[in-house]
Amino acid sequence: MADGSAKQGRNPRTVLLLRPTFQALEDVLAKRFYLLRAWESPLPLAEFLAAQASAIRALLIRGNGSVFIDAEILSSLPNLEIIVTNCVGLDLIDMAECAKRGVAVANAGNVLTEDVAEYAVGLLMDVLRRISSADRCIRAGLWPLTGLFPLGSKIGGKRVGIVGLGHIGSEVAKKLDAFGCIISYYSRKQKPSFSYTFYPNAKTLAAQNDILIVCCALNSDTYHIIDKDVMDALGKQGIIINVGRGALVDEKELVRRLMKGEIGGAGLDVFHNEPAVPRELFTMDKVVLSPHCAVYTHESFADLFQLIVDNLEAFFSNRPLVSKVIEV
């Protein structure tokens, strides 16, 4: 039955999904666990959860476009013991409420780090060297008409500020270091293990750099961390690359500045209200856009799916989780 029979609902290896995730992942999980797909039930979500609550100990959520797991959802699942998310970010989970209720959280750990860092560098390269713009020029048949293509800018020697020197940020820094970029960063805490210059806030970081690459987690402290003041400090030639979350950047302010020529360019993989993207950006050659796909590689998905399976197997076998989130 779509909404789970009583017998199925009591399966000790039941995993609740509130929204669809990747079909390939569901196919993998269905071979090992009973998947309780809430969207297949004709019941409203609250009624469905009330009917199934006693059986649900594990919840899998998709980080992009999922339901916010707040106190109301958690209250409706009194036997919940673990939430597994397929991304690194925790902005869709009330971590304080989970801690209060003793609900463990496992995320994507470090398996997506390399791919996101690689993509951030790719976005920067595209913005500076105008690769997507050049491709459009060829496809539109403009090369014979326009002659010399507009000049781009080299990546080597650029001053790059990393906002959030965690796993992803440090990998971005390492890759850009190899290009000869001058790296500095802002994070919640200074990282003594890195020799890069640390700045105490994003505004000061922006004032000392040509480029900002935003990699930090989204929370109440980092919402719109790239705001009007930071953009002022970055200056008219500055470039913003965002591979974190859309709400880390004041999107309306960024669009306004791009339209007025008050920011030099942007590479954006994430947006404030996905999948909606400001249409003003569509015609800007100095902006590179992508649909929140920095982790979309065969390799990262294979590693991610295996990690999710490993976390769920560990939970149902009473073993330590592989990528349990430890909040500090």
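Sequence positions, counted from 1, serve as the residue numbers for this chain.
Ala38 and Leu16 make their closest contact through CB-CD1, 4.4 Å (heavy atoms, listed as atom of the first residue, atom of the second, distance). Heavy-atom minimum distance, Ala53 versus Leu77: CA-CD2, 4.5 Å. When all heavy atoms of Gly264 and Ile239 are compared, the closest pair comes out as C-CG1, 4.4 Å. Of all the heavy atoms in Ser300 and Val111, the pair that sits closest is CB-O, 4.5 Å. In terms of heavy atoms, Leu205 sits closest to Ser184 at CD1-OG, 3.4 Å. Contact between Glu253 and Met231 at its shortest, heavy atoms only, is CG-SD, 3.8 Å.
The closest donor-acceptor contact from the side chain of Asp269 to the backbone of Cys293 lies under 3.5 Å. Side-chain atoms of Asn242 come within 3.5 Å of backbone atoms of Gly244 as a donor-acceptor pair (strictly under, hydrogens ignored). A donor-acceptor contact shorter than 3.5 Å links the side chain of Glu274 to the backbone of Phe271. Side-chain atoms of Glu171 do not come within 3.5 Å of backbone N or O of Ala117 as any donor-acceptor pair. Side-chain N or O atoms of Arg159 include one that pairs as donor or acceptor with a backbone N or O of Gln208 at under 3.5 Å. The main-chain N or O of Ile225 is never found under 3.5 Å from a side-chain atom of Thr222 such that the two would form a donor-acceptor pair. Asn79 places no side-chain N or O within donor-acceptor distance of the main-chain N or O of Arg57, the cut-off being under 3.5 Å. For the pair Ser187 (side chain) and Leu165 (backbone), a donor-acceptor distance under 3.5 Å is present. Although no hydrogens or angles enter the test, the distance criterion places no donor-acceptor pair under 3.5 Å between the side chain of Asn209 and the main chain of Leu212. For Ser170 (side chain) and His167 (main-chain N/O), a donor-acceptor pair under 3.5 Å exists by modelled atom type.
Taking 4.5 Å as the limit, every side-chain heavy atom of Leu92 sits out of range of all side-chain heavy atoms of Val67. Taking 4.5 Å as the limit, every side-chain heavy atom of Arg62 sits out of range of all side-chain heavy atoms of Arg19. With contacts defined as side-chain heavy-atom distances shorter than 4.5 Å, the pair Leu124/Leu176 qualifies. A heavy-atom distance below 4.5 Å is found between the side chains of Tyr196 and Asp177. Using a 4.5 Å heavy-atom threshold, the side chains of Ser75 and Arg101 count as touching. Residues Phe68 and Asp94 form a side-chain contact, since some pair of their non-hydrogen atoms from C-beta on lies under 4.5 Å apart.
When hydrophobic clusters are built by joining Ile, Leu, Val, Met, Phe, Trp and Tyr residues whose side-chain heavy atoms come closer than 4.5 Å, directly or via intermediates, Ile131 is not grouped with Phe149. Note on Val127: it does not cluster hydrophobically with Ile182, by side-chain heavy-atom contacts below 4.5 Å among ILVMFWY residues. Val270 and Val214 end up in different hydrophobic clusters when Ile, Leu, Val, Met, Phe, Trp and Tyr side chains are linked at under 4.5 Å. No chain of hydrophobic side-chain contacts below 4.5 Å, direct or via other Ile, Leu, Val, Met, Phe, Trp or Tyr residues, connects Val288 to Ile138.
Taking CD1 of Ile73 as the reference point, atom CG of Leu59 lies at 8.5 Å (rounded to 0.5 Å). Rounding to the nearest 0.5 Å gives a distance of 9.0 Å between CG of Asp135 and CG of Asp126. To the nearest 0.5 angstrom, His272 atom NE2 is 9.5 Å from Leu248 atom CG. Leu254 CG to Ile226 CD1: the interatomic distance, rounded to the nearest 0.5 Å, is 10.0 Å. To the nearest 0.5 Å, the span separating CG on Leu258 from CE on Met284 amounts to 5.0 Å. To the nearest 0.5 Å, atom CG of residue Leu18 and atom CD1 of residue Ile61 are 8.0 Å apart.
For the salt bridge (Lys or Arg N to Asp or Glu O under 4.0 Å) test with Arg257, the passing option among Asp232, Asp227, Asp250 is Asp232; the others fail. Under the side-chain hydrogen bond (donor to acceptor under 3.5 Å, both in side chains) test applied with Ser323, the options Asn110, Thr85, Asn311, Asp310 reduce to a single match, Asn311.
In this structure, Tyr199 has its ring center no closer than 6.0 Å to that of Tyr185.
Residue pairs meeting the salt bridge (charged side-chain N to carboxylate O under 4.0 Å, His left out) criterion with at least one member in residues 292-309: none, sequence neighbours excluded.
Comment: Lys31 does not engage Asp27 in a salt bridge, judged by the lack of any side-chain N to carboxylate O separation of less than 4.0 angstrom. Of the charged side-chain nitrogens involved, none lies within less than 4.0 Å of a carboxylate oxygen, so that Glu280 and Lys252 do not count as a salt-bridged pair.
For CZ of Arg129, the number of neighbouring non-hydrogen atoms (other residues, nucleotides, ligands) closer than 6.0 Å is 12 at most. Other residues, nucleotides and ligands contribute over 12 non-hydrogen atoms within 6.0 Å of the CD atom of Gln190. In Lys324, the NZ atom is not crowded: 12 or fewer heavy atoms of neighbouring residues, nucleotides or ligands sit closer than 6.0 Å. Annotation for Trp143: atom CH2 does not count as buried by contact number, only 12 or fewer foreign heavy atoms lying within 6.0 Å. By the neighbour-count criterion of 12 heavy atoms within 6.0 Å, atom NZ of Lys191 is densely surrounded, having more than that number from other residues, nucleotides or ligands.
Between Phe305 and Phe301, the ring planes lie tilted relative to each other; the angle falls in the 30° to 60° range.
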Query raised in the report: When you look at Val243 and Val172, which way does the side chain to side chain contact (heavy atoms under 4.5 Å, CB included) test go after all the steps?
Result: CA-CA 11 Å; Val243 291; Val172 171; 5.7 Å; no
Requested in this report: Evaluate side chain to side chain contact (heavy atoms under 4.5 Å, CB included) for Phe315 paired with Val84, printing each intermediate quantity in order.
Outcome: CA-CA 10 Å; Phe315 168 70; Val84 179; over 6 Å; no
**Report entry** Check against side chain to side chain contact (heavy atoms under 4.5 Å, CB included), Lys158 and Leu128
**Finding:** CA-CA 10 Å; Lys158 290 291 187 295; Leu128 288 174; 4.3 Å; yes
Requested in this report: Output, in order, the C-alpha distance, side-chain angles, deciding distance and verdict of side chain to side chain contact (heavy atoms under 4.5 Å, CB included) for Lys154 and Phe179.
Outcome: CA-CA 10 Å; Lys154 65 186 294 183; Phe179 279 96; over 6 Å; no
